[in-house]
Amino acid sequence: QVQLVESGGGLAQAGGSLSVSCAASGRTFSRYIMGWFRQAPGKEREFVAGISRSGGSTSYSDSVKGRFTISRDNAKNTVYLRMSNLAPEDTAVYYCAATISIVIFRTDSSYDYWGQGTQVTVSS
């Protein structure tokens, strides 16, 4: 089992940058596929980015590709999401998620563990 705690986020202006982090408990972090999801008010939770166990493979939603970068540091049990060229439509609660797999899933039902979420607000 793994516990996830997000940090970072906050308020940014359109065109700016923010980073969020997710620290995982336990000694088996490298066994987990990690994902970032977000949920805006009145909308369903959506996939943002995912990363393989080694960090060698990544996957992004079309809406963030080229603007967001997911990375991980297995020695620190942490996954990161660097967000650049932010837009107001990026405003949402951002969640990290984990599952033991070899495949980067893009659906939230495929992830077993979730953080509490962190708010990202982008002003125009």
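Any value given below was found using the heavy atoms of this structure, including those in side chains, with hydrogens, waters and symmetry copies removed.
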Chemist: What is the minimum heavy-atom distance between Tyr95 and Gly117, and which atoms define it?
Modeler: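 Smallest heavy-atom distance, with atoms named: CD2-CA, 3.5 Å.
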
Chemist: Between Ser59 and Ile104 (side chain of the first, backbone of the second, donor and acceptor by atom type, cut-off under 3.5 Å), is there such a pair?
Modeler: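 No; zero donor-acceptor contacts below 3.5 Å.
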
Chemist: Can you tell me how far the OG atom of Ser101 sits from the OH atom of Tyr111, to the nearest 0.5 Å?
Modeler: 8.0 Å

Chemist: Which heavy atom of Asp90 sits nearest a heavy atom of Asn85, and at what distance?
Modeler: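 For Asp90 and Asn85, the tightest heavy-atom pair comes out as OD2-O, 4.5 Å.
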
Chemist: What is the distance from atom CG of Asn74 to atom OG of Ser54, rounded to the nearest 0.5 Å?
Modeler: 8.0 Å

Chemist: Going from CG on Leu4 to CH2 on Trp114, what distance comes out if it is rounded to the nearest 0.5 angstrom?
Modeler: 10.0 Å

Chemist: Does any non-hydrogen side-chain atom of Val79 lie less than 4.5 Å from one of Ile70?
Modeler: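 Answer yes - side chains close enough.
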
Chemist: Would the distance check show the side chain of Thr121 and the main-chain N or O of Thr91 forming a donor-acceptor pair, the cut-off being under 3.5 Å?
Modeler: no

Chemist: Give the cluster check for Val93 versus Leu86: same hydrophobic cluster or not, with ILVMFWY residues linked at side-chain heavy-atom distances below 4.5 Å.
Modeler: no

Chemist: Quick check for you: to the nearest 0.5 Å, what is the distance between Arg38 atom CZ and Asp108 atom CG?
Modeler: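 Reported value, rounded in 0.5 Å steps: 14.0 Å.
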
Chemist: Is Ser17 reaching over with its side chain to a backbone N or O of Ser84, donor-acceptor style, under 3.5 angstrom?
Modeler: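 Answer holds: no.
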
Chemist: Taking all non-hydrogen atoms of both residues, which atom of Leu81 and which atom of Trp36 are closest, and how far apart?
Modeler: CB-NE1, 3.6 Å

Chemist: Please give me the minimum heavy-atom distance between Lys65 and Tyr60, naming the atom from each residue.
Modeler: CE-O, 3.9 Å

Chemist: Does Phe68 have Arg82 sitting over its ring (NZ/CZ under 6.0 Å from centre, angle to axis within 45°)?
Modeler: no

Chemist: With rounding to the nearest 0.5 angstrom, report the SG to CE distance, Cys96 to Met34.
Modeler: 5.0 Å

Chemist: Which atom names give the shortest non-hydrogen contact between Tyr32 and Ala98, and what distance separates them?
Modeler: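 Closest pair (atom of Tyr32, atom of Ala98, distance): CD2-CB, 3.8 Å.
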
Chemist: Same hydrophobic cluster for Val120 and Phe47, using side-chain heavy-atom links shorter than 4.5 Å among ILVMFWY?
Modeler: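 Val120 does not cluster with Phe47.
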
Chemist: Relative to Phe29, does Arg72 satisfy both conditions: NZ or CZ under 6.0 angstrom from the six-membered ring centre, and within 45 degrees of the ring's axis?
Modeler: yes

Chemist: Verify side chain to side chain donor-acceptor pair (under 3.5 Å) between Thr78 and Asp73, making sure each step is shown before the conclusion.
Modeler: CA-CA 5 Å; Thr78 302; Asp73 185 337; over 6 Å; no

Chemist: Measure the CG-CD distance between Asn77 and Gln3 for me, rounded to the nearest 0.5 Å.
Modeler: 12.5 Å

Chemist: Is it possible for you to say whether Val20 and Val2 belong to one hydrophobic cluster, with membership spreading through side-chain heavy-atom contacts below 4.5 Å?
Modeler: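 As far as the 4.5 Å side-chain criterion goes, Val2 and Val20 are connected within one cluster.
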
Chemist: Any side-chain to backbone donor/acceptor pair from Glu6 onto Gln116? Under 3.5 Å, distance only.
Modeler: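 Yes, Glu6 side chain to Gln116 backbone: donor-acceptor pair under 3.5 Å.
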
Chemist: Indicate the atoms forming the closest heavy-atom contact of Thr99 with Phe105, along with that distance.
Modeler: CG2-CD1, 4.1 Å

Chemist: Spell out, yes or no, whether Val64 and Ile51 are grouped together once hydrophobic residues are joined by side-chain heavy atoms under 4.5 Å, including indirect joins.
Modeler: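 Yes, Val64 connects to Ile51 through the hydrophobic network.
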
Chemist: With a cut-off of 6.0 Å (strictly less than), are more than 12 heavy atoms of other residues, nucleotides or ligands near CZ of Arg31?
Modeler: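 Atom CZ in Arg31 is not crowded, with 12 or fewer foreign heavy atoms closer than 6.0 Å.
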
Chemist: Applying side chain to side chain contact (heavy atoms under 4.5 Å, CB included) to Gln13 and Val122, what does each step give before you reach the verdict?
Modeler: CA-CA 5 Å; Gln13 290 188 332; Val122 183; over 6 Å; no

Chemist: Do the side chains of Tyr94 and Leu18 join up, straight or via other hydrophobic residues, at under 4.5 Å, putting them in one cluster?
Modeler: yes

